[in-house]
Asks: 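Quick one: the structure is below, and I'll ask about it shortly.
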Amino acid sequence: MSSNFIRDIIDEDLKNNKNSGRVHTRFPPEPNGYLHIGHAKAICINFGIAKDYNGKCNLRMDDTNPSKEDVEYVESIKEDIKWLGFEWTGPIYFASDYYEKLYEYAEKLIQTGKAFVCDLSADEMRAYRGTLTEPGKESPFRNRSIEENFSLFRKMRAGEFPDGAKTLRAKIDMTSPNINMRDPVIYRIMRSTHHRTGDQWCIYPMYDYAHPLSDYFEGITHSLCSLEFEDHRPLYNWVLEALLSEKLPRQIEFARLNINYTVMSKRKLLELVEKGYVDGWDDPRMPTLSGLRRRGYTPESIRTFQELIGVSKANSIVDFSLLEFAIREDLNKRAERRMTVIKPLKVVIENYPDNQIEWFEAENNPEDPNSEKRKIPFSKVVYIERDDFMENPPKKYFRLSPGSEVRLKYAYYITCKEVIKDNKGEITELRCIYDPQSRGGGTPDNRVVRGTLHWVSALHAKKTEVRLYDHLFNVSNPGENDKDYKDELNPISLVVLKDCLIEPSLAEAKPGQFYQFLRQGYFCADSKAAKEGLLVFNRTVTLKDTWAKIAASSRNKQS
RNA sequence: UGGGGCGUUGUCUAAUGGUAGGACGACAGAUUCUGGAUCUGUUUGUGAGGGUUCGACUCCUUCCGCCCCAGCCA
């Protein structure tokens, strides 16, 4: 586990015996959307630190805004964290469990003259707040007596005022250069049914007030959050210091994760879901954990990725290729190999006996010495990949072309004798001959064939749907330069191919089971389609493709 | 232009006054029944200027650039 500036701070705290050597973090999502890979960074940081320091990490739902939150989201959050491989300490905490306590502390704030009930409307409050460069003005309600504030606040709770009519505000400093300190609202009146407390409350605490206290209630020592809360730290500390005298949690901020060719804001992801640009939160193109899971990403690969990107305070955009590296590395070691022809081209082996069937032994995983072998059937008619044949091949193309010889993996060498086309000029079939001496993939004369192709036997193959995914957006940084990110969606981020041919053993693939389709990529059986009894494979990531690179660069040279 | 942050190769990240290193990518080669994997090698960087110092990514200073903040969101 590599170090970072947060761990350095904790090491220092430990050295000074701060918090009596305790390390207690928390992951505090708001249940207003599904977790995405940016959350995974925060999860790995918080749970990872707890694990490595023999500490604790709480899961706390930061549910102080019922208008946006829902139980569906709390369920998905639990599932995603468990799937990622982390366990929270104790029960799941909810900020809503603290509503009564939070209310009592607010009364304490009033009693000590540190909070007041304000009648300013939202618009008025904005006007009083000042601007970035001008100080604000004090609310005319700022100097109400403690008794009046007290009784008004109770009436707020009792529902005697309409929504938005009054707020409870911290009395700090309207001239502060930090706008967060200009008498921030800490309670608002909002008649909204909460997913846990129902209609019990009509006033709800604000994040800036509820969060530090929730941390305190749970004995959190290090409250790790993202950079945009840096400006809120003085307020975080103000709330705690105004109410408490003991050792307090310390907030530390780190840069959130950005990855190119995708978006990472819950607002935007929600919009993609609600407006139907994608097939739900778990669409395999989404950067959500449920999407990545459905796509075939493993929890191990996501944890590796988080380890690779590190933790710092610098804003950054991580290359998608790093995520791809992490999943390839994991799946290369673990995924069983299968042969699947995605875009089939019929090959008839003219000199192969008409009704003969042979079974060849194939490695399930050459990277795993303990893996078993399987038998695959071979017959006179096979299918190969359309891309593995070119009638007029360029230099350095060592797949099949008229007159050339290639190896059908695990089977025989074949040579192309004739190309058959339909009346539109489209190639429909290849006529080949095989060398019986090359059985098993080698010949007595050790002749060199550069190309080795995957194939399926026409007699035995099963038809299946395969879905190929690409970046959801076709620009590196969607929404940049005032563009609407929705205009930058990649129109071919999903390509559905329905006539793919799989080898027989794949017919029983379990939902979520991952494979390497030889020479093509890693694929996993789609769990959503499986619920409807369909067998569909999602492409998780392609294999690295050196030939594609060579072809592309020579194409560039020509143009 | 108030306040808070951040600038190290194409990308991410180390080095906390003492050889600017790692990972990904890229490139080259070896090897290979996957143009995969594996192995080897190569390349590119401290935002700019001044200062302190034997020595500066690191300290001081001036500047430049980028991000965040004016929700009764989190």
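These numbers come from a predicted model, not from an experiment. Basis for what follows: all heavy atoms, side chains included, without hydrogens, waters or symmetry-related copies. A note on names: the letters A, B, ... follow the listed sequences, proteins ahead of strands, and every chain is numbered from 1.
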Asks: Contact class for Y410(A) (heavy atom, under 4.0 Å): base, sugar-phosphate, or nothing?
Replies: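 If one applies the 4.0 Å heavy-atom cut-off, Y410(A) turns out to touch a base.
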
Asks: Can you check the distance between rA14(B) and rU46(B), where both ends of the measurement are the C1' atom (answer in whole Å)?
Replies: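 Approximately 12 Å lies between the C1' atom of rA14(B) and that of rU46(B).
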
Asks: Quote, to the nearest angstrom, the C1' distance that separates rU31(B) from rG36(B).
Replies: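 Approximately 13 Å lies between the C1' atom of rU31(B) and that of rG36(B).
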
Asks: How would you label the contact of A122(A) with the nucleic acid (heavy atoms, under 4.0 Å): base, sugar-phosphate, or nothing?
Replies: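 Contact class for A122(A): base.
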
Asks: Closest approach to the side chain of T167(A), judged atom by atom: which nucleotide of rG3(B), rC72(B), rG36(B) is it?
Replies: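 Closest nucleotide to the T167(A) side chain: rC72(B).
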
Asks: In whole angstrom, what separates Q306(A)'s CD from rA23(B)'s P?
Replies: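 The distance from CD of Q306(A) to P of rA23(B) comes to 20 Å, rounded to the nearest Å.
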
Asks: For a quick check of understanding: with a heavy-atom distance under 4.0 Å over all strands, which category does Y207(A) fall into, base, sugar-phosphate or nothing?
Replies: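 Answer is base: heavy atoms of Y207(A) come under 4.0 Å of a base.
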
Asks: Regarding P366(A), tell me which of base, sugar-phosphate or nothing describes its non-hydrogen contacts under 4.0 Å with the strands shown.
Replies: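 Base contact.
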
Asks: Taking only the P atom of each, what is the distance from rA20(B) to rU58(B) in whole angstrom?
Replies: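 Straight-line distance between the two P atoms is 13 Å.
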
Asks: Mind checking who rG17(B) pairs with, Watson-Crick or G-U wobble, both distances under 3.5 Å?
Replies: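 Result: none.
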
Asks: I need the CE-C1' distance between M339(A) and rG36(B), as an integer number of Å.
Replies: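 Spelled out: CE on M339(A) to C1' on rG36(B) is 15 Å.
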
Asks: Under 4.0 Å, counting only non-hydrogen atoms across every strand here, what does D62(A) touch: a base, just sugar-phosphate, or nothing?
Replies: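 Sugar-phosphate only.
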
Asks: I'd like the P distance from rG18(B) over to rC69(B), given in whole Å.
Replies: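 So the two P atoms sit 37 Å from each other.
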
Asks: In this structure, how many angstroms lie between the C1' atom of rC72(B) and the CG atom of N65(A), rounded?
Replies: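 After rounding, the reported distance stands at 10 Å.
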
Asks: Taking only side-chain N and O atoms of S3(A), does any of them lie within less than 4.0 angstrom of OP1 or OP2 on rA14(B)?
Replies: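 Result: no.
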
Asks: Determine the contact category for S316(A): base if any of its heavy atoms lies under 4.0 Å from a base atom, sugar-phosphate if only primed atoms, P, OP1 or OP2 are that close, otherwise nothing.
Replies: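 Counting heavy atoms under 4.0 Å across all strands, the contact made by S316(A) is with sugar-phosphate only.
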
Asks: Before giving the answer on ring-ring contact (aromatic ring centres under 6.0 Å, His included), spell out for F254(A) and F5(A) the whole-Å C-alpha distance, their side-chain angles and the decisive distance to 0.1 Å.
Replies: CA-CA 9 Å; F254(A) 58 89; F5(A) 81 98; 7.9 Å; no

Asks: Looking at R337(A), I'd like to know whether one of its side-chain N or O atoms comes within less than 4.0 Å of OP1 or OP2 on rU34(B).
Replies: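 No, no such contact exists.
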
Asks: If the cut-off is 4.0 Å, is S321(A) near the phosphate of rG25(B), judged by side-chain N/O to OP1 or OP2?
Replies: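 For S321(A), the contact criterion (side-chain N or O under 4.0 Å from OP1 or OP2 of rG25(B)) is not met.
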
Asks: Between rG47(B) and rU9(B), how far is it from one C1' atom to the other, in whole Å?
Replies: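 Taking atom C1' in both rG47(B) and rU9(B), they lie 14 Å apart.
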
Asks: Determine which nucleotide pairs with rU8(B), using a 3.5 Å limit on both distances of a Watson-Crick or G-U wobble pair.
Replies: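 Per the H-bond distance test, none.
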
Asks: State whether R129(A) places a side-chain N or O below 4.0 Å from either non-bridging phosphate oxygen (OP1 or OP2) of rG71(B).
Replies: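 Yes, within the criterion.
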
Asks: Ring centroid separation for Y412(A) and F360(A), is it under 6.0 angstrom?
Replies: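 Ring-ring flag for Y412(A)/F360(A): true, centres closer than 6.0 Å.
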
Asks: Using the P atom as the reference point in each nucleotide, state the distance between rU32(B) and rU13(B) in Å, no decimals.
Replies: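 rU32(B) and rU13(B) have their P atoms separated by 40 Å.
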
Asks: Would you please classify the geometry between the F523(A) ring and the F517(A) ring as parallel, tilted or perpendicular, with 30° and 60° separating the classes?
Replies: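 Correct class here is parallel.
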
Asks: Considering only side-chain heavy atoms of N332(A), which listed nucleotide, rG35(B), rA37(B), rG3(B), is closest?
Replies: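 So the nucleotide nearest the side chain must be rA37(B).
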
Asks: Compute whether any side-chain donor of one residue and acceptor of the other, for N178(A) and S176(A), lie under 3.5 angstrom apart.
Replies: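 No pair is found: no donor N or O on one side chain lies under 3.5 Å from an acceptor on the other.
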
Asks: Tell me whether rG71(B) sits syn or anti, counting syn as a glycosidic angle within 90° of 0.
Replies: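 Judged by the O4'-C1' to base torsion, rG71(B) sits in syn, the angle falling within 90° of 0.
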
Asks: Return yes if the base of rG35(B) and the side-chain atoms of D545(A) contain a donor-acceptor N/O pair under 3.5 Å, otherwise no.
Replies: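 In this structure, the two groups form no donor-acceptor pair.
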
Asks: Check whether any side-chain nitrogen or oxygen of K549(A) sits under 4.0 Å from OP1 or OP2 of rA26(B), and answer yes or no.
Replies: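 Affirmative; the distance criterion is met.
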
Asks: Would you call the rings of H39(A) and H36(A) parallel, tilted or perpendicular, taking 30° and 60° as the class edges?
Replies: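 Answer is tilted, since the angle falls between 30° and 60°.
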
Asks: Would you say the side chain of E367(A) and the base of rG36(B) hold a donor-acceptor pair, judged only by whether the two atoms sit under 3.5 Å apart?
Replies: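 Flag set: donor-acceptor pair detected.
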
Asks: For L543(A), which contact category applies under a 4.0 Å heavy-atom criterion: base, sugar-phosphate, or nothing?
Replies: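 Base contact.
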
Asks: Can a side-chain donor-acceptor contact be found between Y515(A) and R338(A) if the only test is distance below 3.5 angstrom?
Replies: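 There is no such pair between these side chains.
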
Asks: Nearest of rU13(B), rG35(B), rC67(B) to any side-chain atom of N315(A)?
Replies: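 For N315(A), the side-chain atoms sit closest to rC67(B).
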
Asks: Does rG41(B) have a Watson-Crick or wobble partner in any strand here, with both distances under 3.5 angstrom, and which is it?
Replies: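 Paired with rG41(B), as far as the under-3.5 Å criterion goes, is rC27(B).
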
Asks: Measure from NZ on K313(A) to C1' on rG7(B) and round the result to the nearest Å.
Replies: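 Rounding to the nearest Å, NZ of K313(A) and C1' of rG7(B) are 14 Å apart.
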
Asks: From the list rG35(B), rA37(B), rG2(B), which nucleotide is the closest neighbour of the side chain of F398(A)?
Replies: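 Closest of the options to the side chain of F398(A): rG35(B).
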
Asks: For K396(A) and for R126(A), locate the closest nucleotide of RNA chain B by heavy-atom distance; then report the residue assigned to the nucleotide nearer the 5' terminus.
Replies: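 It is K396(A) whose nearest nucleotide is closer to the 5' end.
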
Asks: What is the nucleic acid contact for M125(A), judged by heavy atoms within less than 4.0 Å: base, sugar-phosphate only, or nothing?
Replies: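 It contacts base atoms.
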
Asks: Between L518(A) and L322(A), which residue's closest nucleotide on RNA chain B lies nearer the 5′ terminus?
Replies: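 Comparing both residues, the 5'-ward one is L322(A).
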
Asks: Reckon R188(A) has a side-chain N or O less than 4.0 Å from the OP1 or OP2 of rA74(B)?
Replies: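 Yes.
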
Asks: Taking atom types as they are modelled, would you say the side chain of R399(A) forms a donor-acceptor pair with the base of rG35(B) within the 3.5 Å cutoff?
Replies: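 Result: at least one qualifying N/O pair found.
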
Asks: Report which part of the nucleic acid Y397(A) touches: base, sugar-phosphate, or nothing (heavy-atom distance under 4.0 Å, all strands).
Replies: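 The answer is base, as Y397(A) lies within the cut-off (heavy atoms under 4.0 Å) of a base atom.
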
Asks: What class does the angle between the rings of Y261(A) and H471(A) fall in, given that below 30° is parallel, 30 to 60° is tilted and above 60° is perpendicular?
Replies: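 Rings of Y261(A) and H471(A): parallel, as their planes differ by under 30°.
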
Asks: Mind calculating the distance between CG (L400(A)) and C1' (rG35(B)) to the nearest angstrom?
Replies: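 Result: 15 Å.
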
Asks: Could you work out the separation of rC64(B) and rU1(B) based on their P atoms and round it to a whole Å?
Replies: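 It comes out at 8 Å once rounded to the nearest Å.
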
Asks: When we call it a touch if two heavy atoms are under 4.0 Å apart, what does Y204(A) touch: a base, just sugar-phosphate, or nothing?
Replies: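 Nothing, no heavy atom under 4.0 Å.
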
Asks: Please pick, from rC24(B), rU1(B), rG36(B), the nucleotide with the shortest atom-to-atom distance to any side-chain atom of F325(A).
Replies: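 So the side chain of F325(A) is nearest to rC24(B).
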
Asks: For atom C1', what is the distance between rC57(B) and rG17(B), given to the nearest Å?
Replies: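 It comes out at 11 Å once rounded to the nearest Å.
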
Asks: Under 4.0 angstrom, heavy atoms only, what part of the nucleic acid is K544(A) near: base, sugar-phosphate, or nothing?
Replies: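 Contact class for K544(A): sugar-phosphate only.
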
Asks: With respect to Y522(A), which candidate in R334(A), Q516(A), E324(A) satisfies the side chain to side chain donor-acceptor pair (under 3.5 Å) definition?
Replies: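 Testing Y522(A) for a side chain to side chain donor-acceptor pair (under 3.5 Å) against R334(A), Q516(A), E324(A) leaves exactly one candidate, Q516(A).
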
Asks: Report which part of the nucleic acid I186(A) touches: base, sugar-phosphate, or nothing (heavy-atom distance under 4.0 Å, all strands).
Replies: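 Here I186(A) touches no strand at all.
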
Asks: Output yes when at least one side-chain N/O atom of T64(A) is less than 4.0 Å from OP1 or OP2 of rA74(B), else no.
Replies: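 It does, given that an N or O in the side chain of T64(A) lies less than 4.0 Å from OP1 or OP2 of rA74(B).
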
Asks: How are the rings of Y485(A) and F473(A) set to each other: parallel, tilted or perpendicular (split at 30° and 60°)?
Replies: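 Ring orientation of Y485(A) relative to F473(A): tilted.
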
Asks: Is the distance from OP1 or OP2 of rA37(B) to the nearest side-chain N or O of R519(A) less than 4.0 Å?
Replies: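 No, no such contact exists.
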
Asks: Please tell me whether F229(A) and Y236(A) form a close aromatic pair, meaning their ring centres lie under 6.0 Å apart.
Replies: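 When the ring centroids of F229(A) and Y236(A) are compared, they turn out to be at least 6.0 Å apart.
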
Asks: Would you classify D8(A) as touching base, sugar-phosphate or nothing, given that sugar-phosphate means primed atoms plus P, OP1 and OP2, and contacts are heavy atoms under 4.0 Å?
Replies: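 Touches a base.
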
Asks: Mind checking if H211(A) touches a base, just sugar-phosphate, or nothing, with heavy atoms under 4.0 Å?
Replies: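 No contact.
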
